[in-house]
Each structure stands twice: as C-alpha cells, then as structure tokens.
> 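Once you've had a glance at the structure underneath, I'll fire off some questions.
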Amino acid sequence: MRVAFKKLSVLKLYELLLDHYGFQNWWPVTVKDKEQQLIEIVLGAILTQNTAWKNVEIVIKKFVDSNLLNIEKILALDLRELSSLIRRAGFPNQKAATIKRVFQFLKRERVSKLLTMDCDALRKSFLNIKGVGFETADVLCLYAFNKPCFVVDAYTKRLFSRLALFGESFNYNSYEALKLAVEEQAKVFKTNERVMFFKEFHALIDEHCKRTCKKQPSCNNCFLKHYCKHYSKLYKLKH
DNA sequence: CGCCAGGGCCTCA
DNA sequence: TGAGGCCATGGC
C-alpha cells in the first residue's frame with residue numbers, strides 16, 4: 001500500500017486551514033481604543049516570547065485594570081516595578097528591559113510617523129532594539145502597524161518542514177528563507193489583502209500546531225495527513 | 001516531576 | 001552561521 005501524498009502550495013494550505021478552523025481574527029485584543037490596542041499588541045508581542053499565551057493574558061489584564069496601556073505611564077514605571085508586574089509571563093527582567101526600550105523607541109520616533117513607514121524600514125528599526133528578534137519585529141510590523149509582513153515562528157518551521165511545503169532540501173530552519181518564500185507567494189494579493197492573509201495564515205498555522213501538529217503530533221487525527229511528508233514517512237515505517 | 005510555552009542574546013567553534 | 005546554554009514562570 002502507498003499513501004496518497006499530494007504536494008501542497010502555500011495558498012492551498014491557507015485555504016485548507018481556513019476551511020477547517022475558520023477565521024481566527026488575530027491579534028487578540030481586549031480594549032476598544034485604537035491607540036491602546038496598539039500598545040496592547042506591542043506588550044503582548046514581547047511578553048509572549050517563549051511563553052504560553054494564557055500567562056500573557058493575565059499580565060495584560062493587569063495593565064488594563066490599572067489603566068496602564070499608555071506609553072508615558074509604562075515609561076514612568078521603574079524597572080523593578082515593571083518586572084514584578086509582568087513576572088507571571090516569565091523572563092521578567094529581560095522582558096521588562098525590552099519593554100522599556102521598545103516604548104522609549106515608540107515615544108522618540110512617534111507612533112504616527114512609524115505608521116507611515118514602509119515595512120522594510122520599520123522592521124529594520126525594530127531589529128535594532130535589543131530584545132526584539134526576527135519574530136517579534138515581524139509581529140510588531142504585521143499586527144501592531146498593519147504592514148505586509150509574514151511572521152515565522154517555531155510552529156511555522158515545524159509545520160512547513162513536516163509537510164515539506166517547499167521540498168525536502170529546503171532549509172526550514174532559516175527564518176529569512178521561510179519568510180521570503182511565503183511573501184513571494186503572496187504577491188498575487190493587493191497590499192490590503194496581503195496584510196489580512198499574513199495575519200490569518202500565521203494565526204491558522206499556530207492554531208493547527210497547538211491542536212494537532214504538536215512536538216509529538218497527533219497524525220492520525222490530522223486533516224492534512226494526506227498532504228504531509230512526515231505522515232507518509234510514518235506510514236511507510238508501519239507497513 | 002518533567003516537559004514545554006505564540007524567543008532572543010551571548011559565546012564559541 | 002549554527003548549535004547550545006541561559007533567561008523564569010506556570011500549566012498540564
């Protein structure tokens with residue numbers, strides 16, 4: 001017996017995920033005010049670094065309840081206060097320092113100006129901030145500043161690698177290579193559609209990996225198994 | 001109790 | 001330039 005292994009394209013994968021899980025509407029925010037939403041997203045992006053979102057939510061709620069979603073108010077906290085406030089999200093010392101640096105940057109450069117910048121320039125300026133790596137920079141560009149910017153994370157690497165989405169010799173460990181490959185495929189969209197596509201695609205990938213394509217994957221229940229190189233290899237081993 | 005979570009930095013080869 | 005140690009807390 002052979003497994004029917006069908007190769008997926010990026011856009012086909014997106015369609016399948018969207019059909020299966022529905023619209024995710026990321027990034028999740030809890031406040032209504034647009035300026036505060038941007039601050040909530042920036043905070044969440046830093047707090048969620050290698051941390052379960054559940055813990056981030058609890059910390060964000062503290063900021064909301066204390067009316068702290070404000071650049072000046074966050075900058076007015078000293079490092080020790082900030083660190084203790086975010087303790088539950090892990091790495092409190094590192095993240096407190098990063099939050100300070102990012103909000104100092106937002107204050108100095110002005111959010112209104114940053115919103116008018118193109119994605120590449122904005123991304124580069126975020127990457128200059130210590131504590132902001134590729135993923136966080138891309139999350140800020142895409143979700144906080146609505147720039148057309150695909151976010152790669154550990155889930156993306158894992159899923160694409162298992163699917164062999166770009167073939168078996170592709171370097172799925174390379175952040176930039178994965179990002180560029182997806183952005184290349186997204187050129188068929190207009191800018192606004194592209195932003196929405198990147199937001200949803202990233203959210204859907206994370207949803208699928210949390211539920212099914214875990215470190216120890218639940219391949220038997222996976223609706224993508226017939227498209228998956230990983231599953232087809234498992235299947236061959238068993239038969 | 002051990003593993004892992006919506007990473008990033010530093011070091012060292 | 002990539003692998004490995006470290007940062008910290010909480011859920012399961």
Side-chain angles (χ1 to χ4, degrees), chain A residues 13-14 17 21-30 37-63 79-105 123-145 147 149-162 169-180 182 197-218:
Chain A
L13 172 61
Y14 174 66
L17 288 169
Y21 293 113
F23 194 69
Q24 301 294 303
N25 196 25
W26 266 24
W27 189 276
V29 287
T30 62
Q37 282 183 354
L38 188 146
I39 293 167
E40 185 177 353
I41 293 167
V42 172
L43 262 181
I46 299 164
L47 291 174
T48 198
Q49 291 173 348
N50 201 39
T51 299
W53 182 252
K54 189 166 281 186
N55 295 322
V56 176
E57 279 182 318
I58 294 167
V59 173
I60 287 181
K61 185 167 174 13
K62 286 205 268 183
F63 278 80
L79 223 44
R80 293 187 46 241
E81 283 179 290
L82 185 54
S83 167
S84 111
L85 195 60
I86 66 173
R87 187 177 51 82
R88 290 188 60 109
F91 308 113
N93 298 325
Q94 289 186 162
K95 286 176 182 176
T98 301
I99 288 168
K100 282 281 193 180
R101 285 189 287 264
V102 170
F103 282 97
Q104 270 158 11
F105 171 82
R123 181 173 195 255
K124 276 177 190 157
S125 55
F126 284 141
L127 285 173
N128 281 329
I129 303 171
K130 185 178 171 186
V132 177
F134 291 135
E135 184 179 340
T136 305
D138 286 339
V139 166
L140 295 178
C141 286
L142 179 61
Y143 293 104
F145 289 86
K147 304 298 175 186
C149 183
F150 182 65
V151 178
V152 175
D153 60 2
Y155 290 150
T156 312
K157 292 177 180 176
R158 189 160 78 208
L159 177 63
F160 287 12
S161 162
R162 284 182 179 159
S169 57
F170 189 89
N171 179 10
Y172 293 95
N173 212 31
S174 163
Y175 191 100
E176 295 288 333
L178 269 183
K179 175 182 172 65
L180 290 177
V182 173
F197 165 67
F198 288 147
K199 284 185 178 181
E200 271 312 297
F201 194 28
H202 175 68
L204 287 163
I205 290 165
D206 283 21
E207 186 62 19
H208 180 63
C209 287
K210 273 190 237 182
R211 292 202 201 193
T212 307
C213 202
K214 296 168 285 196
K215 256 188 182 170
Q216 296 298 323
S218 318

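Lettering follows sequence order; numbering is per chain, from 1. What you see is a predicted model; the values in this text were computed from it and never measured.
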> If you find the nucleotide of DNA chain B closest to K130(A) and the one closest to W26(A), which residue's nucleotide is nearer the 5' end?
W26(A)
> What's the spacing between E40(A) CD and L47(A) CG if we round to 0.5 Å?
10.5 Å
> Under 4.0 Å, heavy atoms only, any strand: does V56(A) hit a base, just the sugar-phosphate, or nothing?
nothing
> Need the pair for dC12(C). Rule: Watson-Crick or G-U wobble, both distances under 3.5 Å, any strand; none if unpaired.
dG2(B)
> Assuming nearest nucleotide by heavy-atom distance, tell me which of K54(A) and T51(A) is located more 5' along DNA chain C.
T51(A)
> Tell me if a side-chain donor or acceptor on E135(A) pairs with a main-chain N or O of V151(A) at a distance below 3.5 Å.
no
> Give the ring-plane orientation class for Y143(A) versus W27(A), where under 30° counts as parallel, over 60° as perpendicular and anything between as tilted.
tilted
> In whole Å, I'd like the distance from the NZ atom of K157(A) to the P atom of dG6(B).
15 Å
> Check the distance between dG7(B)'s C1' and N173(A)'s CG and give it to me in whole angstrom.
13 Å
> Using purine N1 to pyrimidine N3 plus N6-O4 or O6-N4 for Watson-Crick, or N1-O2 and O6-N3 for G-U wobble, both under 3.5 Å, which nucleotide pairs with dT1(C)?
dA13(B)
> For DNA chain C, whose closest nucleotide is more 5', that of N55(A) or that of Q94(A)?
Q94(A)
> Has N50(A) got a side-chain N or O lying under 4.0 Å from the OP1 or OP2 atom of dG6(B)?
no
> Please pick, from dA5(B), dG2(C), dG7(B), the nucleotide with the shortest atom-to-atom distance to any side-chain atom of A154(A).
dG7(B)
> Would you mind reporting whether F105(A) and F126(A) have side-chain heavy atoms less than 4.5 Å apart?
yes
> Return yes if a side-chain donor-acceptor contact under 3.5 Å exists between N128(A) and S125(A), otherwise no.
no
> Between W27(A) (CH2) and dG6(B) (C1'), how many Å, whole number?
6 Å
> Measure CD/E57(A) against P/dG11(C) and give the value in whole Å, please.
12 Å
> Distance check: side-chain N/O of T136(A) vs OP1/OP2 of dG8(B), anything under 4.0 Å?
yes
> Between dG6(B) and W53(A), is there a base-stacking contact, meaning the centre of the base's six-membered ring lies under 5.5 Å from the residue's ring centre while the planes stay under 30° apart?
yes
> Indicate yes or no for a side-chain donor-acceptor contact from S83(A) to the backbone of E81(A) under 3.5 Å, with no hydrogens or angles considered.
no
> Measure from the ring centre of F134(A) to the centre of the six-membered ring in the base of dG8(B), then say whether that distance is under 5.5 Å and the planes meet at under 30°.
no
> Could you measure between the two C1' atoms, the one in dG5(C) and the one in dG6(B), and give it in whole Å?
22 Å
> What integer distance in Å separates D153(A):CG from dG8(B):C1'?
14 Å
> Can you check the distance between dG8(B) and dG10(C), where both ends of the measurement are the P atom (answer in whole Å)?
22 Å
> Closer to the 5' end of DNA chain B via nearest nucleotide, is it K210(A) or L127(A)?
K210(A)
> Starting from P on dC7(C), measure out to CZ on F91(A) and report it in whole angstrom.
9 Å
> Think R88(A) has a side-chain N or O under 4.0 angstrom from the OP1 or OP2 of dA8(C)?
no
> Please report, rounded to the nearest Å, how far the P atom of dG7(B) is from the CD atom of E176(A).
17 Å
> Let me know the distance between NZ of K95(A) and C1' of dC9(B), rounded to the nearest Å.
14 Å
> What's G133(A) touching, base or sugar-phosphate or nothing? Going by heavy atoms closer than 4.0 Å.
sugar-phosphate
> If you measure from the P atom in dC6(C) to the same atom in dC3(B), how many Å do you get, rounded?
16 Å
